[in-house]
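I have placed the structure first, in the form of structure tokens, so that the comments after it can refer back to it.
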Amino acid sequence: MNPDGGGSSSSPPPPSPSRGADAEAKEEEHGRKQVVVVLVGPPGSGKSTFADAVVAGSTAGRSWVRICQDTIGNGKAGTKIQCLKATSDALKEGKSVLIDRCNLEREQRADFVKLSSTLHVDVHAVALDLPAKVCISRAVSRKGHEGNLQGGKAALVVNRMLQKKETPLLTEGFSRIMSCNDDGDIKKAVDMYNALGPSDCLPSGIFGQKSKGPIQVGIMKFLKKSDTSSVEKSSGPKITLSESKPEQQNPLAKHEKVEDGMSCPMEVEKGLNDKNENEKHAKECDSDDVGSCTLAFPSISTADFQFDLDRASDIIVDTAADFLQKFDNIRLVLVDLSEKSRILSLVKEKASKKSIDCSRFFTFVGDITQLHTKGGLRCSVIANAANWRLKPGGGGVNAAIFSAAGESLHHATKKCADALRPGTSVVVPLPSISPLHQREGVTHVIHVLGPNMNPMRPDYLKNDYIKGSKILREAYNSLFENFASIVRGHMGKQNGKLGAEMSASGGTSPNDTKMKREDSHGSERMKKHKLLPPIMTAKQQHEHTKANTPNYHDKSMTSSAAPNQAREGDTKKSGVVASKTWGSWARTLYELAMHPEKYKNTDSILETSDEFIVLKDLYPKAKKHVLVISRTDGLDSLADVKKEHLPLLRRMHSAGVKWAHKFLEEDASLVFRLGYHSVPSMRQLHLHIISQDFDSTSLKNKKHWNSFTTPFFRDSVDVIEEIEQHGSATANSDEKILAMELRCHRCRSAHPNIPKLKSHIANCKSSFPSHLLQKNRLVSS
DNA sequence: GTTCTAGAAC
DNA sequence: GTTCTAGAAC
């Protein structure tokens, strides 16, 4: 760390901040260069001490004022408004200002930046990035605090605040940002401001941000015993070696020690990841059938930022074991390049202790982009340890996969998503022109993003391994779930072919078609209730279907009320765990699509044709929200859609576009998006046409929001293209996607709850994310 | 899908 | 005390 100029993470600072001629003239007139220093740090990080030291120790004639929200209210709680007023007054008197309040979130800092810029004054951020443990200990144990934040409650407050912390950025308007990571950094920073004469200015840029932080005990774990006494205790013997040392004395030595503890031992047991085993597994998997049920995946988050290998291997083995229990006939292969891979040997060792079937979960040494040609292992799906922007490059597995797959993967990825949150994954069907598809037989790439331990990236976890482990677990679960969804799709296709063959030979009646549909409903419902039946190979599925066919025939419906009953009976009879049917409410659209004449007196139905009806959504989630509902009996969700439905889908899309244009005639400011929910709540395939204002009282919860603004929403244009190319559409069926944090669909900013999100989107004028601006995904005037 | 409501979060 | 979320019931 070198706070006084030699920034560790940014380019060398320019000689002086770039500011308008106007401001320069003003400064010359006054003969001084004032500055506003916005302190950023939780309670206990030492903001007041810092500010007092600058105010008291100024040696070069600059006049400083500390503006403290805790004291500005004269006994009552102070407000930001009061602080802004005091700042403005002090600046007008020619003084420089230190803002002593937490300012951890961008929004809290914004007004101070704005005020400074209005008054043509430079604004700096000084982030007091001390370990959470230090801040908590200080906040908890201090007495007579000006804001009365002390004792046990301080620990909770600090923790809560740190969860929301947003690292200050130059784009917020700061000319200079300095991070202080320990008392040494703080002292240097204080000295620097003390030595600043009235007309001096400091170089602009970012200084002192760490690329790697010291190990910290997870904040949550630390806080589980949040009363004062246990906080004191828990910082005792349980803390790792690195933390038992005084934190501030020698940060570098501490850092090295920590890294020692983290890195893998150099001497790896020979033969742990044996080549013979590779060959054995390759043979077992050397068929298309098995290959189509095999996922090859790299270890997530362990390469670049050294997520603890021991914990990571536990998580891999746990999640894989759980997953294999739920599904038969699926294979998971952990791949790493080196025979000496520590993660492979750890996983292998732990898997053997768990007595997992080693033909269904094993490690493989090789290049994940050449598993078939070089390793003889067939895998139709590979996972990528992606970066959050889903961009090629960077190195490691990500660079290798994007490079091997060629430009088409990049294009295909952009269609599915433009960013990924830690702990989630996204399925990208690999176009058949991709070399990776042609050469290796890879049909899908699943991009996965694990926890991020890199402070230069969003969602940096500050070595909170409790949270990190949770996210890593989510990442693998999401990966495996998405893989299962691909395999399901594959099985569905096999089934589809089977049906077509039977039909061509005259062996099927209309009821057979119905039967297949009911079967797919069964699986859909089970998916929802997490009672997944074992996934079968195509052959087994065939046998299974045949065996159950009489039941379906017997039970096939004779009235519109029958489908639910029929399905319920079937699932019980076939010995599959019984699960809930579509609720009565979920059949509304089905009833409507089948019998629109019954509803002709309502003004909700805008259009009726043989193929579809257009309906105003009863609970619109935006100013304009209509549904184009297919009338094809048996077509309930994206999972049911096949190539034969393409003409229908195209016509539904055209109808949607037509209605969007009609609405645009009434209000040209609207922007529409057309798409399907990955897993609809209502039966009967329906296309949403929804204006992007999301201005509606019916939009009430996170699920509503995320179902229209995450990859859960599949753009109609993409669905059509995917079916053209692959014969089926992928659905992002991972339920976690609907529980994701709330982000603005335009600027992607995060918001803590629905009301705050709504007030943001009412005003957000940012342009839409780039991927939405392509391929007519948005319809506007 | 919505409504209702307990209890968590603020 | 009020706001907000999330799970159960429908």
Side-chain angles (χ1 to χ4, degrees), chain A residues 42-43 69 77 79-80 102 104-105 107-108 147-149 152-165 219-220 223-224 226 521 524-525 527-531 561 563-564 568 579-594 599 602 604-605 613 615-622 625-630 636-638 675-690 694 696-710 712-713 731 733 735-743 750-761:
Chain A
Q69 188 159 331
T79 65
K80 186 162 83 171
C102 296
L104 287 167
E105 290 168 71
E107 207 179 315
Q108 294 167 346
N148 196 28
L149 185 65
K153 84 171 174 186
L156 286 167
V157 170
V158 172
N159 176 52
R160 199 180 294 150
M161 285 183 165
L162 283 173
Q163 311 257 319
K164 289 188 181 167
K165 184 189 161 185
I219 296 164
M220 294 313 291
L223 278 167
K224 277 200 171 143
S226 65
H521 280 167
E524 189 60 32
R525 274 172 289 122
K527 202 160 42 177
K528 283 186 184 173
H529 295 277
K530 297 185 180 164
L531 292 169
N564 276 328
E568 199 164 33
S579 66
K580 221 175 93 180
T581 56
W582 291 96
S584 56
W585 50 265
R587 296 175 51 221
T588 315
L589 296 184
Y590 174 81
E591 294 298 330
L592 236 135
M594 293 303 127
Y599 306 87
T602 77
S604 294
I605 297 183
I613 57 173
L615 176 82
K616 281 191 211 169
D617 195 299
L618 195 58
Y619 300 95
K621 303 299 183 291
H625 183 188
V626 299
L627 307 175
V628 180
I629 308 167
S630 150
D636 283 340
S637 74
L638 282 186
Y676 299 88
H677 280 159
S678 283
V679 181
S681 297
M682 308 278 273
R683 219 188 128 176
Q684 205 62 21
L685 184 75
H686 52 282
L687 171 67
H688 292 266
I689 289 88
I690 183 162
F694 295 108
S696 161
T697 49
S698 295
L699 197 156
K700 290 178 174 166
N701 59 43
K702 192 177 253 189
K703 192 175 169 183
H704 291 155
W705 178 254
N706 283 337
S707 73
F708 290 103
T709 60
T710 67
F712 186 86
F713 191 79
S733 57
E735 289 183 9
K736 285 195 197 79
I737 208 166
L738 295 177
M740 273 166 56
E741 66 183 337
L742 299 164
R743 280 187 181 267
H751 300 271
N753 54 44
I754 291 287
K756 289 201 170 115
L757 172 79
K758 282 191 164 187
S759 67
H760 168 83
I761 58 172

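Quick note on labels: first sequence line is chain A, next is B, and so on, each numbered from 1.
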Subject >> Nearest to side-chain heavy atoms of Lys702(A), which nucleotide of dA6(C), dT5(C), dG1(B) >> reply: dA6(C)

Original post:
Please give, in whole Å, the distance from dG1(B) C1' to Ile629(A) CD1?
Top reply: 13 Å

**OP:** Quick one: label His677(A) by what it contacts on the DNA or RNA (base, sugar-phosphate, nothing), any heavy atom closer than 4.0 Å.
**Re:** sugar-phosphate

Original post:
In whole Å, what is the span from the CE atom of Met682(A) to the P atom of dC10(C)?
Top reply: 18 Å

Original post:
How would you list, by chain and number, every residue that makes a side-chain hydrogen bond (donor to acceptor under 3.5 Å, both in side chains) with Thr710(A), sequence neighbours excluded?
Top reply: none

Original post:
In whole angstroms, how far is the P atom of dA6(C) from the CG atom of Asn706(A)?
Top reply: 11 Å

**OP:** Using a heavy-atom cut-off of under 4.0 Å over every strand shown, decide if Ile754(A) touches base, sugar-phosphate, or nothing.
**Re:** sugar-phosphate

Original post:
What is the distance from CG of Leu738(A) to P of dG1(B), rounded to the nearest Å?
Top reply: 9 Å

Subject >> salt bridge (Lys or Arg N to Asp or Glu O under 4.0 Å) partners of Lys80(A), counting only residues at least two apart >> reply: Asp111(A)

Original post:
Are side-chain heavy atoms of Leu589(A) and Leu615(A) found at a separation under 4.5 Å?
Top reply: yes

Distances under 3.5 Å between nitrogen or oxygen atoms of protein and nucleotides 2-4 of chain B:
| residue | atom | partner | partner atom | Å |
| --- | --- | --- | --- | --- |
| dT2(B) | OP1 | Lys621(A) | NZ | 2.8 |
| dT2(B) | OP2 | His704(A) | NE2 | 2.6 |
| dT3(B) | OP2 | Lys700(A) | NZ | 2.9 |

**OP:** For Ser707(A), enumerate each residue passing the side-chain hydrogen bond (donor to acceptor under 3.5 Å, both in side chains) test, keeping only those at least two apart in sequence or located in another chain.
**Re:** His677(A)

Subject >> ring-ring contact (aromatic ring centres under 6.0 Å, His included) involving Phe713(A) - partner list, sequence neighbours excluded >> reply: Phe708(A)

Original post:
Can you list the residues that meet the side-chain hydrogen bond (donor to acceptor under 3.5 Å, both in side chains) rule with Lys616(A), with sequence neighbours excluded?
Top reply: none

Original post:
Taking CE from Met740(A) and P from dA6(C), how many angstroms apart are they, rounded to a whole number?
Top reply: 14 Å

